[in-house]
There are 2 protein chains.
Amino acid sequence: MYIYLYIRLLAAGLHCLGLSRGKVSVKSVESVSAGVEKARKSQVTAQDLMDAAVSLLGAHRSVSTLSLREIAREAGIAPNSFYRHFRDVDELTVALIDQAGRSLRGVVREARQRLSLERSGIRSSVEAFMDQLDSDDRYLQILLREMSTGSEAFRHAVDRELTYFEEELRDELVRMEQLTGHATYEPALTAKAITRLVVAMGASANDQGAEQRRELVEQTIVMIRMIMQGSQAMAKRATQDADSR
Amino acid sequence: MYIYLYIRLLAAGLHCLGLSRGKVSVKSVESVSAGVEKARKSQVTAQDLMDAAVSLLGAHRSVSTLSLREIAREAGIAPNSFYRHFRDVDELTVALIDQAGRSLRGVVREARQRLSLERSGIRSSVEAFMDQLDSDDRYLQILLREMSTGSEAFRHAVDRELTYFEEELRDELVRMEQLTGHATYEPALTAKAITRLVVAMGASANDQGAEQRRELVEQTIVMIRMIMQGSQAMAKRATQDADSR
DNA sequence: GCGATCAATATACACTTGTATTTATAGTTG
DNA sequence: CAACTATAAATACAAGTGTATATTGATCGC
């Protein structure tokens, strides 16, 4: 029965998202650098360049170690043609992180779909997160890696995505409190703790194989339950203290 | 009264550590690369090179972006002299991470000293951790940053240090259970959750100013309490289930 | 059909990088 | 003191980098 709390909690905490910004950033980048409203015909698109960059990033290679020429070579264009799409490698990286954010929201949406079929929302959410980690597009991996490395712009982009995730989760915690009567101690803090924990566990799953990753999923689920239980217990105690006073 | 649990928990969870390996790694590195038992006289030591590297690493620059020549320049030696001390920049990086591990144990020791004077062990431990983050030697910063970036060797070195931290914490959780009767649900998992959370929060504190960092410390303390409360509640429920069966 | 236009390439240049080889220098030892 | 030796510096080189400038080649409006 408690499980239902978690179901609604995590899985739906990811809730409405999606489709807010779409392909805006990449498009704007392109039009800015080109400075023209109508591009004649570009055989290699900005997306192709981003794909080339991703394909160069191994399991643990940071974007900051990519060179402009290397990316251009992988995409099959002359080095200078890179400038038609991005001013910098940094600019491409920011676009990559934006795409990773979209990927993250895809995770959320997928978790919601699974929710209707399975039992535990925690499980399905965490599993969806981990699945996305080793999907074909490795955007989520990249996002996690560039969290601590990279210049200001990267980290801001990453932070934006995580904060977004966090706020959705907090809103859902508050909503859940009204529905079920199980209060959460400090919803914003609880959401932050859960988010950071999932991200940290996900990052450490980057190296590992399938079965170790499954183990990690189980661990993460239990950890989240601990936080939820603790938060609810502290909420209950806080109200009791207030009553007795 | 509950606070005393936490006091013993976190602060002492860091317990005995220290002085296990000392300066071994750096020394061995040097003797291997030099291949000689008695160095004539080297005005610039391996430690000087490591210091130079650290001074080059800004707030968010990864070690993998340092060039051999750059480090040598900063240390004031000829590029080729670098080889007298390390074979690679990678080798220097591993030595740096070892040093960071020692720094981490220093944090622990400091937390234990504070413990005898103050009230909350959680607070003093977290504060010690954060203090170490912006101390003169930025080894802890480096360790956190290289956690996700860098080659195999780096991440293994980082993992070693964190696992060590984790195991100490788990042992202390188990010990606490016998002393106070407050059981912990899965001590190893609880220790892992707390460790990862503190590390994640610490990493995100890298950017921020003093007052924001103080806020982060407060948040981290509450988060840890949530985990502890949840773990204890789940332990209690588990035993109750076993009894009623 | 034909200049105009602009995306894509080619060439060029001034750097930086890692390292191999050579030269000078200072410390130890006979 | 002189001869030796290990070390630090100097020089050199091939490779790779970001970008400025010049060149091609296709597409479109007239």
Side-chain angles (χ1 to χ4, degrees), chain A residues 26-53 56-58 61-96 150-151 153-154, chain B residues 26-27 29-53 56-58 61-96 150-151 153:
Chain A
V26 174
K27 221 26 192 163
S28 71
V29 157
E30 188 170 5
S31 61
V32 161
S33 70
V36 178
E37 73 291 343
K38 187 172 80 176
R40 281 293 173 84
K41 187 174 109 187
S42 56
Q43 292 162 347
V44 169
T45 70
Q47 182 61 51
D48 289 336
L49 279 177
M50 291 165 64
D51 290 348
L56 283 172
L57 291 174
R61 188 170 180 194
S62 165
V63 192
S64 62
T65 69
L66 288 180
S67 77
L68 185 150
R69 288 177 110 109
E70 199 177 358
I71 299 172
R73 206 180 307 135
E74 176 76 16
I77 62 172
N80 262 328
S81 301
F82 184 95
Y83 296 121
R84 297 280 155 192
H85 306 284
F86 302 100
R87 188 175 341 128
D88 259 338
V89 179
D90 279 22
E91 208 171 83
L92 181 145
T93 306
V94 172
L96 266 187
S151 64
F154 305 174
Chain B
V26 174
K27 223 21 195 167
V29 157
E30 188 171 5
S31 61
V32 161
S33 70
V36 178
E37 73 291 341
K38 187 172 77 175
R40 282 293 171 86
K41 186 176 112 185
S42 55
Q43 294 163 343
V44 169
T45 70
Q47 182 62 52
D48 289 335
L49 279 176
M50 291 164 66
D51 291 347
L56 283 172
L57 291 174
R61 188 170 178 192
S62 166
V63 192
S64 62
T65 68
L66 288 179
S67 78
L68 184 149
R69 287 179 110 108
E70 200 177 358
I71 299 171
R73 208 180 306 135
E74 175 76 16
I77 63 173
N80 263 327
S81 301
F82 185 94
Y83 296 120
R84 297 280 154 194
H85 306 285
F86 302 100
R87 188 175 342 127
D88 259 339
V89 179
D90 279 22
E91 209 170 80
L92 182 145
T93 306
V94 172
L96 265 186
S151 63

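The figures here come from the full heavy-atom set of this structure, side chains too, leaving out hydrogens, waters and symmetry mates. Order of the sequence lines sets the chain letters (A, B, ...), proteins ahead of strands, with each chain counted from 1. This is a predicted model, so every value here is computed, not measured.
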Just how far, in rounded Å, is P of D/dT19 from CD1 of A/I77?
14 Å
Side-chain contact test, heavy atoms from C-beta onward, threshold under 4.5 Å: evaluate it for A/L49 versus A/I77 and give yes or no.
yes
With distance as the sole test, does B/H85 use its side chain to make a donor-acceptor pair with the main-chain N or O of B/V44 at under 3.5 Å?
yes
Are A/R73 and D/dT17 close enough that a side-chain N or O sits under 4.0 Å from OP1 or OP2?
yes
Listed by chain and number, what are the salt bridge (Lys or Arg N to Asp or Glu O under 4.0 Å) partners of A/R61, not counting sequence neighbours?
A/E70
Nearest to side-chain heavy atoms of A/S81, which nucleotide of D/dT17, C/dT9, D/dA9:
C/dT9
Expressed as a whole number of angstroms, how long is the span from B/D90:CG to C/dT17:C1'?
15 Å
Between C1' on C/dA20 and CZ on B/R87, what's the gap in Å once rounded to a whole number?
17 Å
Flag the pair A/F154 / A/D90 as yes when at least one side-chain heavy-atom distance between them is below 4.5 Å, and no otherwise.
yes
What's the CG-P distance between B/L68 and C/dT17, to the nearest Å?
9 Å
Specify the separation, in whole Å, of atom CZ of B/F82 and atom C1' of C/dA20.
17 Å
Check whether any side-chain N or O of B/S67 sits under 4.0 Å from OP1 or OP2 of C/dT16, and answer yes or no.
no
Would a distance-only check, ignoring hydrogens and angles, find a side-chain to backbone donor-acceptor pair under 3.5 Å from A/D51 to A/D48?
no
A/L49 CG to C/dA8 P: how many Å, rounded?
10 Å
For nucleotides 10-13 of chain C, give me every protein contact, N/O to N/O, under 3.5 Å, one pair per line with atom names.
unit_1, atom_1, unit_2, atom_2, d
C/dA10, N6, A/N80, ND2, 2.6

Where B/P79 and B/A72 come nearest, the two heavy atoms and their spacing:
CA-CB, 3.8 Å
Rounded distance (Å) that lies between atom P of D/dT17 and atom CG of A/L56
11 Å
Can you confirm whether B/L68 sits close enough to B/Y83 that some side-chain heavy atom of one is under 4.5 Å from a side-chain heavy atom of the other?
yes
Heavy atoms from C-beta onward define the side chain here; which of D/dT19, D/dT17, C/dA8 lies closest to that of A/R84?
C/dA8
Rounded distance in Å - CD (B/E70) to P (C/dT16):
11 Å
